[in-house]
Amino acid sequence: MADLLNELNPQQQHAVAAPAGPILVLAGPGSGKTRVLTYRIAYLIAALGAQPYQILAVTFTNKAAREMETRVAGLLGGRADGLWLGTFHGICGRILRREAAYLPVDHNFVIFDSDDQLSLIKRVIKEKRLNDKDFRPRQVQARISAAKNDLQGPDEFLAEGYRDEVIREIYQDYQRYLVASNAMDFDDMLLYTAILLDSNPDVLKKYAQRFHHILVDEFQDTNQAQYFLLSHLASFHKNIFVVGDEDQSIYRWRGADYHNVERFVSDFPETEKILLEQNYRSTQKILDAAVAVINENTNRTRKQLFSDRGAGEAIVIKEAEDDRTEADYVVETILRQVQLGQARESDFAIMYRTNAQSRLLEEAFRRANMPYRLVGAQRFYGRREVKDMIAFLRLIYNPKDEVSLERVINVPPRGIGSVTFQQLRTVARQAEMSSGEVLLALNTEKDAPFAEALARSAQRLLPFSRMLRGWRKNLTQVSLTTLFDEIMLDTGYEAYIKDESDEEQDRWGNVVELRQVLLEYEDRGLAEFLEAMALVADQDTLPESLDAPTLLTLHAAKGLEFPQVFISGLDEQILPHIRSMGDPEAMAEERRLFYVGMTRAENRLYLTRARRRRSPYGSYETMIPSRFLEDLPESLTRGQFSHSYDRVDSNDRNEYRWDTTYGPPPRERKKSQPPKAAAQRFYPKMQVLHPIYGKGVVHKSILEYGDETVEVYFEGLGLKALVASMSSLEILEN
């Protein structure tokens, strides 16, 4: 073990060889936290004598779990059998299937992904005859998810007003449907495990005593339910080793709470805190720039990141005339380096705040006839044909799965329309059974169950009923791929999907690819395959061999690294996002998001913005540079942005003032030109009307570039800069 410790720097050695007990490792980006976690596991086994089955290690992606498992096995020469290592959802799934006797579902439960959840919520909203414009399914889904992450079941859901009361009723019906389908959603896996441990002392004792050591990756991204689980599991031995960084907490919108770092220290007062500050990824200038940005945040542990990779090149700041020119600059910069042999296509990543920003970049790549890979686009496992085949397998495994049944009962089309399916559901409800159970009981005998109740619909349902019974029978008798082939043969799915394929979308090729994936689970069984498919993440499916630039959001960039990084769209209301205006916590997270993006870069970092951007309605809007650009020391950057504003907070709006560090304001800069007072139409405090944004109040007006730029505060939208001649802005009489 001494030889292994010699491979680590002093800070890493301190963390890996720390005595048992609660340990908080605050690891800066690129500081080798995965290395520390894997070496810590190896140290516990090789030096402290812990058995692998006594160790629980939790990560946030399957990819990270696989990587850690491989590394630990390599360090220990394969002596890691029995180690519990996986994602929160994967670990909870193992516990729940073992303890299914305490649950409202049985051990064969299936996991509904986001699309399945949305389908179920839409059904509930429709059945309750609610307007889906008033109760948008995705918003309702987000509210239910947030409640579960806060450990609130339907009965505990906090309702404030009529709208919340209705959402609680939707939540109650949604949950009933899940149980009736013998299913859970992602959040249920955490919620049910938390309830299980909290309400059953014997179960808690069983697992709390079993896991002598608990290790957690990305601790700053845990939510309330996950923290609750960890604190319960660590309640007996109190040997919990967490690695995280408050500065990289960027998932607040899905319940992550970096304050869990503070709670950890409070709940485990004997905690030893260890900092990892040596960065192995980036040059010093990139690190210094990133630290300058993040140091503006409060409620954090300050770290001084350092690197042995040298100072490196200055951060490039590029201000383009408009958003299309910005995208062209990114592609031309990449193309020039590739053509000169200075870099490979895969060296580059282009990051942005929202998925919608990828469109102009994609168009620029296509114009340059250059390939690219897009992270966060429709995943392989989200494609229609792949979801169809998985739904068939889920239904065979669990006939109570109403969502999967509804998806495939008429795929390929076999004359089972919505009326027939609704009649099947009605008969099932009357019999207090699931629709799948009624189908399995259906046959051709005259006095057979349900035949009379279904009347003529029975004849339409019989062929699918026979197929389902046959597949269920073969589930335990043939291999998974043979069962897969039977489904395709019985349904005629191959011919059906080949008709839908073309050069652009090889749907049949995707089905064949899924069969290849299924081969890997021949020895592990259908249950493990279905669970793996439900819990797969975007980064788990990122192709590693494609030599092309990567386009991705800043959120998707977490955990990745690239030799050269572009961060585009550095304008106010884009980064930071408009939704963060007026919310200090949200603004702090926007700053953390930018910090995460900056620290993905190894050798070069480019920051781009546009003076104006085209709105969805055709007009151009003048943009204000991101406040984050103001935090970058000039000694670390190359290039400049022309419009620089300091932000001044007021109670209900965000105001800006010109920063004279970057020269005189535009009016003074154009002193030699003839006065344009006659062309100015808009003045501060003037009330105006925009055809899209509605009523607003003028904050300021600037004459430049031969036009008038008006900054207007719109209620609910914040400050927007508009080119007067293009915006159809009308003056309202006061």
Side-chain angles (χ1 to χ4, degrees), residues 1-60 64-65 67-69 71-72 74-76 79-80 83-85 208-222 226-227 230-248 258 260-280 300-306:
M1 197 65 216
D3 292 337
L4 291 179
L5 290 176
N6 288 335
E7 299 174 8
L8 307 174
N9 68 39
Q11 292 172 308
Q12 292 172 335
Q13 288 181 10
H14 182 190
V16 167
I23 299 168
L24 171 62
V25 179
L26 293 174
S31 60
K33 66 179 179 59
T34 303
R35 185 181 183 88
V36 166
L37 279 165
T38 53
Y39 275 66
R40 175 67 175 179
I41 294 171
Y43 182 83
L44 291 173
I45 295 171
L48 300 188
Q51 297 300 314
Y53 67 82
Q54 296 173 326
I55 299 173
L56 169 66
V58 187
T59 67
F60 267 80
E67 180 183 345
M68 196 179 298
E69 190 171 22
R71 288 197 195 183
V72 171
L75 290 173
L76 295 174
R79 293 186 292 124
L83 177 69
W84 278 51
L85 197 161
Q209 289 190 355
R210 175 194 178 114
F211 298 127
H212 290 227
H213 300 276
I214 297 172
L215 301 94
V216 188
D217 193 10
E218 304 288 7
F219 183 67
Q220 77 282 344
D221 290 330
T222 52
Q226 290 161 340
Y227 183 81
L230 292 171
S231 58
H232 274 61
L233 290 172
S235 60
F236 188 82
H237 295 287
K238 300 188 186 305
N239 296 326
I240 180 166
F241 184 98
V242 302
V243 180
D245 181 8
E246 313 109 303
D247 294 336
Q248 296 184 71
Y258 72 94
N260 281 343
V261 173
E262 299 168 12
R263 293 188 185 100
F264 182 85
V265 176
S266 174
D267 293 345
F268 297 94
E270 62 276 27
T271 295
E272 180 179 3
K273 184 187 290 188
I274 301 169
L275 298 184
L276 300 184
E277 297 171 301
Q278 182 170 356
N279 179 285
Y280 291 91
R300 54 181 290 270
T301 304
R302 293 176 76 91
K303 292 175 284 293
Q304 189 55 54
L305 304 180
F306 65 94

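- Going from atom NE2 of His213 over to atom CG of Leu56 covers 12.0 Å, rounded to the nearest 0.5 Å.
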I would like to know whether Tyr280 and Arg35 meet side-chain contact (heavy atoms from CB on, under 4.5 Å); could you show each step before the answer? CA-CA 12 Å; Tyr280 291 91; Arg35 185 181 183 88; over 6 Å; no

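- For the atom pair NE2 of His14 and CG of Leu275, the computed distance is 10.0 Å after rounding to the nearest 0.5 Å.
- In this pair, His237 and His212 present their aromatic rings parallel. The plane angle is below 30°, not in the 30 to 60° band.
- Of all heavy-atom pairs spanning Gly244 and Gln220, the tightest one is CA-OE1, 3.0 Å.
- Taken from CG in Leu83 to CD1 in Ile45, the straight-line distance is 6.0 Å, to the nearest 0.5 Å.
- In plain terms, the two heavy atoms of Ala46 and Leu76 that are nearest each other are CB-CD2, 4.2 Å.
- No side-chain donor-acceptor contact under 3.5 Å links Ser266 to the backbone of Arg263.
- With Tyr227 as the fixed residue, the side-chain hydrogen bond (donor to acceptor under 3.5 Å, both in side chains) test singles out one of Asp267, Asn260, Thr222: Asp267.
- Side-chain contact between Val243 and Phe219 is absent, with no heavy atoms from C-beta onward closer than 4.5 Å.
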Test side-chain contact (heavy atoms from CB on, under 4.5 Å) on Asn239 and Leu44 and set out the steps. CA-CA 11 Å; Asn239 296 326; Leu44 291 173; over 6 Å; no

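- The line from CZ of Phe306 to CD of Gln278 is 4.0 Å long, rounded to the nearest 0.5 Å.
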Verdict with reasoning, Arg71 to Thr34, per side-chain contact (heavy atoms from CB on, under 4.5 Å): CA-CA 9 Å; Arg71 288 197 195 183; Thr34 303; 3.8 Å; yes

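- Looking at Gln226 and Val216, their side chains never come closer than 4.5 Å, going by heavy atoms from C-beta outward.
- Checked by atom type, the side-chain pair Gln11/Gln13 shows no donor-acceptor distance below 3.5 Å.
- Side-chain N or O atoms of Asp217 include none that pairs as donor or acceptor with a backbone N or O of Phe60 at under 3.5 Å.
- Contact check on Asp245 versus Lys303 returns a salt bridge, with a Lys/Arg side-chain nitrogen under 4.0 Å from an Asp/Glu carboxylate oxygen.
- The CD atom of Gln248 sits 7.5 Å away from the NZ atom of Lys33 when rounded to the nearest 0.5 Å.
- Between Glu246 atom CD and Tyr258 atom OH the span is 8.5 Å, to the nearest 0.5 Å.
- Closest non-hydrogen pair, Glu272 versus Ala18, comes out as OE1-CB, 4.0 Å.
- Nearest heavy-atom pair across Leu85 and Ala65 is CD2-O, 3.4 Å.
- Here Phe268 pairs with Phe264 under the ring pair (Phe, Tyr, Trp, His ring centres under 6.0 Å) rule; sequence neighbours left out.
- Contact annotation: the side chain of Val36 never approaches that of Ser31 to less than 4.5 Å [non-hydrogen atoms, C-beta and beyond].
- Minimum heavy-atom separation, Gly28 to Leu305: CA-CD2, 4.0 Å.
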Could you go through the side-chain contact (heavy atoms from CB on, under 4.5 Å) check for Phe241 and Leu37 one step at a time? CA-CA 9 Å; Phe241 184 98; Leu37 279 165; 4.1 Å; yes

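- Among all heavy-atom pairs drawn from Thr301 and Asp247, the shortest one is O-OD2, 4.3 Å.
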